[in-house]
Structure formats: C-alpha cells, structure tokens
Enquirer: 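Input: one structure, supplied below.
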Amino acid sequence: MNEDYSRYFSIFSQVSKAIHSGENTAEVLEQIVTHITEILEARGCIFWIVDTCKKSIESQISHGFSYRSLECVDYDTLVTILDPAATDMVFVENAREDERIPDLERLGKRRVGSINGFFFKIAGPYTGILAVYNFSSYKQLAQHQKELIRALGEQGAIALQRTLAYDEKMLESLR
C-alpha cells in the first residue's frame with residue numbers, strides 16, 4: 001500500500017472511531033477539516049452546514065484559513081460560489097479572477113488560489129458544503145485526494161445525521 005493511502009486510511013479510521021464513540025459532532029468536523037488541510041497541504045478547509053429551506057448557514061467549522069471574512073460569509077454569497085444545486089463538486093480554478101467572488105478583500109480573494117467544493121446531503125433541508133482552499137491557482141486535486149475528501153465529508157454528514165436523529169428522539173420523548 002502506498003504511503004498516501006496508508007495515511008488516508010489512518011485518518012479515515014480515526015474519524016470513524018470518533019463518530020462511533022459518540023464524540024461531539026463539532027469535534028468530529030474539526031478533526032475532518034484539520035486532517036484535510038494538513039494532508040493536502042492546503043491553505044485551509046471549511047465545512048458549512050446550510051439549511052436550504054431557510055436559506056441560511058446554520059454552522060461552520062474551519063481550519064487553517066484565518067481570514068475572518070470568509071468564516072462570516074453569508075448564505076447568498078456562499079451558494080453563488082459553491083452552488084449545491086450544481087454537481088457534487090465545484091472547482092474554482094482561480095479565485096483571484098473568478099467573478100462569483102465579489103470583492104478582493106472581503107473573502108480573502110487575494111490570498112487564495114483555487115477552491116475545491118464538495119456537497120453532502122445530511123438530512124431534511126440540511127446540506128454540508130466542504131471547501132478546500134489552496135495557495136496556488138489551477139490546483140486540481142488528484143482522484144485519490146478527491147476520494148479522501150468525499151469519504152471524510154460523508155463521515156461528517158453521518159455524524160450530523162446521528163446528532164439530528166438523537167435530537168429528534170429526545171424531542172419525541174419529551175412530548
């Protein structure tokens with residue numbers, strides 16, 4: 001087994017164990033974005049949880065990308081850049097020149113090269129959007145890197161589904 005796959009498997013195993021041990025969902029998502037940032041040597045990674053019915057960002061967990069403006073992006077801007085209705089992945093080749101990103105300073109546009117965005121159905125109206133930000137423009141991820149992100153993103157969606165199901169059961173019990 002090559003070194004990348006061995007490392008990927010180890011990370012996937014750690015995240016899976018955290019989910020199955022009942023670890024806090026926010027901590028699981030934090031592990032995911034931290035591992036993705038480090039293993040891909042990316043500028044940063046963010047996992048947004050959006051409610052497509054309310055058209056709102058319910059939560060976000062980030063690592064490595066310290067520009068506060070990106071963490072505070074609004075729903076309309078987020079879905080303009082990374083439209084969950086598109087496909088299961090969006091690639092922004094050159095964030096500095098992309099028209100979907102409205103302002104050079106507002107979203108750290110001058111500091112990001114390319115963006116890879118992935119979408120994960122969670123439950124009900126909730127969708128997960130996981131974005132990886134790279135230093136250089138035009139950085140396409142290799143297939144095995146996309147598979148890792150997809151696998152970890154799905155693990156994050158599973159953790160969120162479990163949390164939502166648990167919350168629903170608790171509400172039902174209280175009723």
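No hydrogens, no waters, no symmetry mates; every other heavy atom, side chains included, goes into these values. We're numbering straight along the sequence, starting at 1.
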Enquirer: SG of Cys45 to CD1 of Ile149: how many Å apart, nearest 0.5 Å?
Expert: 7.0 Å
Enquirer: Measure from the side-chain N and O atoms of Thr52 to the backbone N and O of Pro125, and report whether any donor-acceptor pair falls under 3.5 Å.
Expert: yes
Enquirer: Would you indicate whether Glu41, at its atom CD, is surrounded by more than 12 heavy atoms from other residues, nucleotides or ligands within a distance under 6.0 Å?
Expert: no
Enquirer: Looking at Ile46 and Ser62, what are the two nearest heavy atoms and their distance?
Expert: CG1-CB, 3.4 Å
Enquirer: Could you tell me which residues satisfy side-chain contact (heavy atoms from CB on, under 4.5 Å) with Thr34, sequence neighbours excluded, listed by chain and number?
Expert: Glu30, Glu38, His63
Enquirer: Can you classify the ring geometry of Phe120 versus Phe47 as parallel (below 30°), tilted (30 to 60°) or perpendicular (above 60°)?
Expert: parallel
Enquirer: Where do Gln155 and Ile32 come nearest, in terms of heavy atoms and distance?
Expert: C-CD1, 4.4 Å
Enquirer: Ignoring hydrogens, what is the shortest heavy-atom contact between Leu130 and Gly153? Give both atom names and the distance.
Expert: CD1-CA, 4.1 Å
Enquirer: For a quick test of reading the model, state the closest non-hydrogen atom pair linking Thr37 to Gly44 and the distance between them.
Expert: OG1-C, 3.6 Å
Enquirer: With rounding to the nearest 0.5 angstrom, report the OG1 to CD1 distance, Thr25 to Ile49.
Expert: 8.5 Å
Enquirer: From Asp98 CG over to Ile115 CD1, what is the distance, rounded to the nearest 0.5 angstrom?
Expert: 7.5 Å
Enquirer: Step by step, would you call Tyr126 with Val50 a side-chain contact (heavy atoms from CB on, under 4.5 Å)?
Expert: CA-CA 6 Å; Tyr126 298 106; Val50 298; over 6 Å; no
Enquirer: Check Leu29 against Gly156 and note the closest heavy-atom contact, atom names and distance.
Expert: CD2-CA, 3.7 Å
Enquirer: Evaluate side-chain contact (heavy atoms from CB on, under 4.5 Å) for Glu154 paired with Arg150, printing each intermediate quantity in order.
Expert: CA-CA 6 Å; Glu154 288 170 356; Arg150 210 172 307 284; 3.9 Å; yes
Enquirer: Out of curiosity, Leu40 CG to Asn116 CG, how far, rounded to the nearest 0.5 Å?
Expert: 8.5 Å
Enquirer: Rounded at 0.5 Å granularity, tell me how far CD1 in Ile129 sits from CG in Leu82.
Expert: 6.0 Å
Enquirer: Test your reading of the model: is there a side-chain donor-acceptor pair from Glu97 to the backbone of Asn94, 3.5 Å cut-off?
Expert: no
Enquirer: Ignoring hydrogens and angles, tell me if any N or O in the side chain of Thr80 forms a donor-acceptor pair with the backbone of Asp76 under 3.5 Å.
Expert: yes
Enquirer: Could you tell me which residues satisfy side-chain contact (heavy atoms from CB on, under 4.5 Å) with Leu148, sequence neighbours excluded, listed by chain and number?
Expert: Tyr8, Ile39, Leu152
Enquirer: Supply the atom-to-atom distance Thr127 OG1 to Phe119 CZ, rounded to the nearest 0.5 angstrom.
Expert: 9.0 Å
Enquirer: Would you say Lys121 has more than 12 foreign heavy atoms packed within less than 6.0 Å of its NZ?
Expert: yes
Enquirer: Under the side-chain contact (heavy atoms from CB on, under 4.5 Å) rule, collect the residues that match up with Ser56, sequence neighbours excluded.
Expert: Asp51, Lys54, Glu58
